2 protein chains.
Amino acid sequence: MTNEDEKARVANIFDVARLAGVSHQTVSRVLNDLPNVRPATRERVEKAIKQLRYTPSQAARALVTRRSRTIGLITTGNPDFGPSSTALHFNDAARDARYAVSMASMLDSDAASLRAAVELLLRQNVEAIVLIAAHAGALDAILSIELGVPLIAVDAGGRPGVHSVALDQYAGARAAVDHLIGLGHTQIRHISGPLDSTDATERVRGWRDSLAAAGLVAREHLVGDWTPASGYRHGQVLADDHDMTAVFVGNDQMSLGLIHALTSAGRRVPGDVSVIGFDDIPEAEHFAPPLTTMRQDFDGLGRDIMTELLAVLRDEEAADLPRISPTLVVRESAGPPPVARAGATRLSGTVDV
Amino acid sequence: MTNEDEKARVANIFDVARLAGVSHQTVSRVLNDLPNVRPATRERVEKAIKQLRYTPSQAARALVTRRSRTIGLITTGNPDFGPSSTALHFNDAARDARYAVSMASMLDSDAASLRAAVELLLRQNVEAIVLIAAHAGALDAILSIELGVPLIAVDAGGRPGVHSVALDQYAGARAAVDHLIGLGHTQIRHISGPLDSTDATERVRGWRDSLAAAGLVAREHLVGDWTPASGYRHGQVLADDHDMTAVFVGNDQMSLGLIHALTSAGRRVPGDVSVIGFDDIPEAEHFAPPLTTMRQDFDGLGRDIMTELLAVLRDEEAADLPRISPTLVVRESAGPPPVARAGATRLSGTVDV
DNA sequence: GCACCGTGCTCACAAAACAGT
DNA sequence: GACTGTTTTGTGAGCACGGTG
């Protein structure tokens with residue numbers, strides 16, 4: 001037990017400098033990995049740092065550099081698998097880049113809560129704000145606030161002043177619907193996410209285009225809100241539609257609700273109707289039946305957010321990352337349609353099963 | 001467009017003071033809600049603040065007060081509904097208390113990643129660290145690091161140096177098992193979470209005690225890892241156990257896997273075996289069959305964490321909050337046992353169905 | 001390497017201002 | 001009108017660091 005540290009004071013840069021026999025400036029150089037420090041002195045300083053268990057004060061550094069090395073992360077909506085995973089992996093990527101992440105999660109995305117969250121983040125001098133929102137309403141609300149820092153949003157994009165990062169929802173939707181078409185389906189309905197989500201509208205667009213490309217007709221789609229409950233509600237309606245033989249659903253949770261409603265109404269999945277979901281949540285494999293779905297690479301998305309962010313901070317605008325395409329995971333909820341029934345309409349082409 | 005703000009410099013406390021015709025100290029008093037400021041001057045200052053869109057610099061404040069008003073939040077494991085919800089509601093509560101939350105989420109909880117995360121948080125001068133971990137291994141790893149700040153863990157508790165907050169897992173487990181017993185089951189198995197999770201062991205204890213209280217015998221329980229896949233694996237084994245008529249499962253995800261395995265093996269739920277889960281995730285209502293489960297109040301837990309945290313920071317140790325009990329949600333996965341079969345053992349008592 | 005300044009703020013203290021003897 | 005007490009306001013130092021000459 002030494003008795004110099006009675007005061008238990010935390011070491012500062014001058015203590016380190018004294019112990020290493022250099023000026024505080026040299027310590028600063030070492031801390032910031034600047035050149036023009038002799039290896040020998042660098043070593044002495046590092047040893048002193050270790051010995052004193054010195055950690056530079058982020059507050060002081062932020063004060064003088066006006067750079068906090070922290071990013072604000074706003075998430076809205078339920079803690080679903082997709083957003084949560086994205087946030088987790090983004091956080092990982094940020095940590096790798098030695099950035100801290102200050103979080104502001106909220107269930108609702110009303111303008112007032114959002115404003116409060118933004119102000120709290122801004123007060124911490126975050127260098128940028130990342131938004132992972134279930135509804136685009138949150139984006140609009142944030143855009144109405146003067147941020148003063150760059151905004152990166154997980155969003156299909158196209159808004160002025162927003163740097164968007166996203167997975168290729170359109171390609172994913174096309175792959176999903178093409179899979180159903182390949183199985184021989186011609187009457188493919190769609191339950192989408194809320195239309196103020198660009199993820200949702202991109203999937204709607206993909207569904208439409210795939211149908212059109214196959215010469216099939218797109219009936220109006222049903223709009224859900226990502227929850228199993230909304231899938232269930234729409235399922236109760238769809239169960240009565242005996243023309244339709246397949247449903248492309250905007251996410252796995254709604255698929256679960258849909259399957260529940262369908263089987264409750266006596267329609268078998270995939271015997272009577274095929275269902276294909278989106279996301280590949282961990283539960284999907286154990287649905288009854290195991291869900292065929294599109295797997296999303298949330299890990300990659302999280303990293304892409306950070307990549308874009310770093311580019312923006314370095315002022316290398318428009319990194320324009322290639323968007324990662326979801327991949328098809330074939331399980332048991334989608335199969336060939338039941339034998340053609342009277343009333344089933346086909347616009348063109350023949351499909352062999 | 002005024003032309004005084006050409007430099008677009010952010011206003012500081014002196015700018016506000018000048019505009020309001022007072023000293024910077026008076027502004028500080030207003031900012032911190034200190035007494036002894038005449039209402040009239042307070043008003044003048046507030047007006048100036050609004051006019052200049054002034055926000056105090058957290059960095060400068062932290063530098064001098066040595067209080068960052070930020071909390072470090074470490075989460076490990078998959079972004080499951082429970083932990084994610086808890087984190088979200090904690091974040092909400094922290095924001096209400098005007099605390100920022102710096103997050104460090106990671107999939108794995110190896111000592112190295114954990115140490116890196118802790119160091120990043122400490123460098124930001126977090127005033128406390130909150131841990132929401134799927135495995136107690138993370139807690140052990142963190143305890144081996146000298147933090148220098150209080151640690152609050154979501155954990156059943158009992159560790160020295162850790163402030164624990166938790167829901168009443170024991171009571172929840174007892175209620176679940178008592179429900180099964182009340183339905184007439186006598187052979188009730190248990191699939192638990194990983195044993196280095198106190199949530200898991202508390203539920204095991206509740207299961208044991210409820211069986212003992214009813215004079216029933218507890219067969220060895222099966223240890224899962226919270227994932228649907230582990231529920232499925234154990235389910236494949238349990239499907240061959242024709243004595244057992246009910247399973248109490250450590251969470252809803254494993255219940256899903258279990259039901260999948262059971263029904264795949266031709267055993268009907270709840271006709272042949274009843275299943276009761278834990279958590280009440282949003283999907284549970286739409287499982288096939290809809291899952292009877294214990295609902296956990298993650299919102300309350302998140303608030304409790306913050307309450308405990310504030311008490312600890314005020315040095316009012318040992319707040320010892322009453323633990324919220326989960327509530328039973330009866331759906332369709334648990335019913336009375338099938339009529340007694342030869343080979344079914346009963347230790348005591350008779351049960352009428 | 002050294003001395004010194006700037007960062008935006010809080011704290012301890014000093015100086016007013018005002019009230020009641 | 002000088003003396004004390006209380007409230008309100010102002011002044012200067014210092015927090016730990018990065019930059020400049």
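Note that these values count all heavy atoms, side chains included, but never hydrogens, waters or copies made by symmetry. Since we're looking at a predicted model, the values are computed, not measured.
- In this structure, CG of B/Asn32 is placed 17 Å from P of C/dG8, rounded to the nearest angstrom.
- Here the C1' atom of nucleotide D/dA16 and the CG atom of A/Leu52 are 15 Å apart, to the nearest Å.
- Atom CG of B/Asp15 and atom P of C/dT7 are 11 Å apart (whole Å).
- Atom CZ in B/Arg67 sits about 16 Å away from atom C1' in D/dC15, given to the nearest Å.
- Each of B/Asn32, B/Asn36, B/Leu31 was compared with B/Leu34 under the side-chain contact (heavy atoms from CB on, under 4.5 Å) criterion, and only B/Asn32 meets it.
- For B/Arg66 and D/dA16, the shortest distance from a side-chain N or O to OP1 or OP2 is below 4.0 Å.
- Rounded to 10 degrees, the angle between the two end axes of the helix from C/dC2-D/dG21 to C/dT21-D/dA2 is 50°, with five pairs used at each end.
- Between B/Leu31 and A/Val64, the residue whose closest nucleotide on DNA chain C is further toward the 5' end is A/Val64.
- Using cut-offs of 30° and 60° for the angle between ring planes, the A/Phe81 and A/Phe298 rings count as perpendicular.
- Rounded to whole Å, atom P of D/dC15 lies 14 Å from atom CD1 of A/Ile13.
- Applying the 4.0 Å criterion to OP1 and OP2 of C/dT10, one finds that B/Arg61 has a side-chain N or O inside that range.
- With hydrogens and angles ignored, the 3.5 Å screen pairs no side-chain donor or acceptor of B/Arg159 with any backbone N or O of B/Leu143.
- Within 6.0 Å of CD in A/Glu43 there are 12 or fewer heavy atoms belonging to other residues, nucleotides or ligands.
- When the side-chain nitrogen and oxygen atoms of A/Ser28 are compared with OP1 and OP2 of D/dG18, one or more of them lie within a distance under 4.0 Å.
- Rounded to whole angstrom, the span from the CG atom of A/Leu34 across to the P atom of D/dG19 amounts to 7 Å.
- Atom CD of B/Gln58 is separated from atom C1' of D/dC15 by 14 Å (rounded to the nearest Å).
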Between the protein and nucleotides 9-13 of chain D, are there any N/O to N/O pairs under 3.5 Å, and if so, what are the atom names and distances?
residue	atom	partner	partner atom	Å
D/dT9	OP1	B/Thr41	OG1	3.4
D/dT9	OP2	B/Arg38	N	3.1
D/dT9	OP2	B/Thr41	OG1	3.4
D/dT9	O4	B/Arg29	NH2	3.1
D/dG10	OP2	B/Ser23	N	2.6
D/dG10	OP2	B/Ser23	OG	3.3
D/dG10	OP2	B/Thr26	OG1	3.1
D/dG10	O6	B/Arg29	NH2	2.7
D/dG12	O6	B/His24	NE2	3.0

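- One finds no salt bridge joining A/Arg303 and A/Asp92 here, because no Lys/Arg side-chain nitrogen approaches an Asp/Glu carboxylate oxygen to under 4.0 Å.
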Donor-acceptor contacts, no H, no angles, side chain residues 121-133 of chain A, under 3.5 Å, sequence neighbours left out:
residue	atom	partner	partner atom	Å
A/Gln124	OE1	A/Ser102	OG	2.9
A/Glu127	OE1	A/Arg67	NH2	2.8
A/Glu127	OE1	A/Tyr99	OH	3.4
A/Glu127	OE2	A/Ser68	N	3.2
A/Glu127	OE2	A/Arg69	N	2.6

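- For B/Tyr54 and C/dG8, the OH to C1' distance is 7 Å, given to the nearest whole Å.
- Judged purely by atom type and a 3.5 angstrom limit, B/Thr198 uses its side chain to pair as donor or acceptor with the backbone of B/Ala156.
- Comparing C/dC9, D/dG18, C/dT7 by their closest approach to the side chain of A/Leu63 singles out C/dT7.
- Listed for the B/Asp168 side chain is no donor-acceptor partner under 3.5 Å among the backbone atoms of B/Ile324.
- Side chain to side chain, B/Asp110 and B/Ser113 meet the donor-acceptor criterion of an N or O pair below 3.5 Å.
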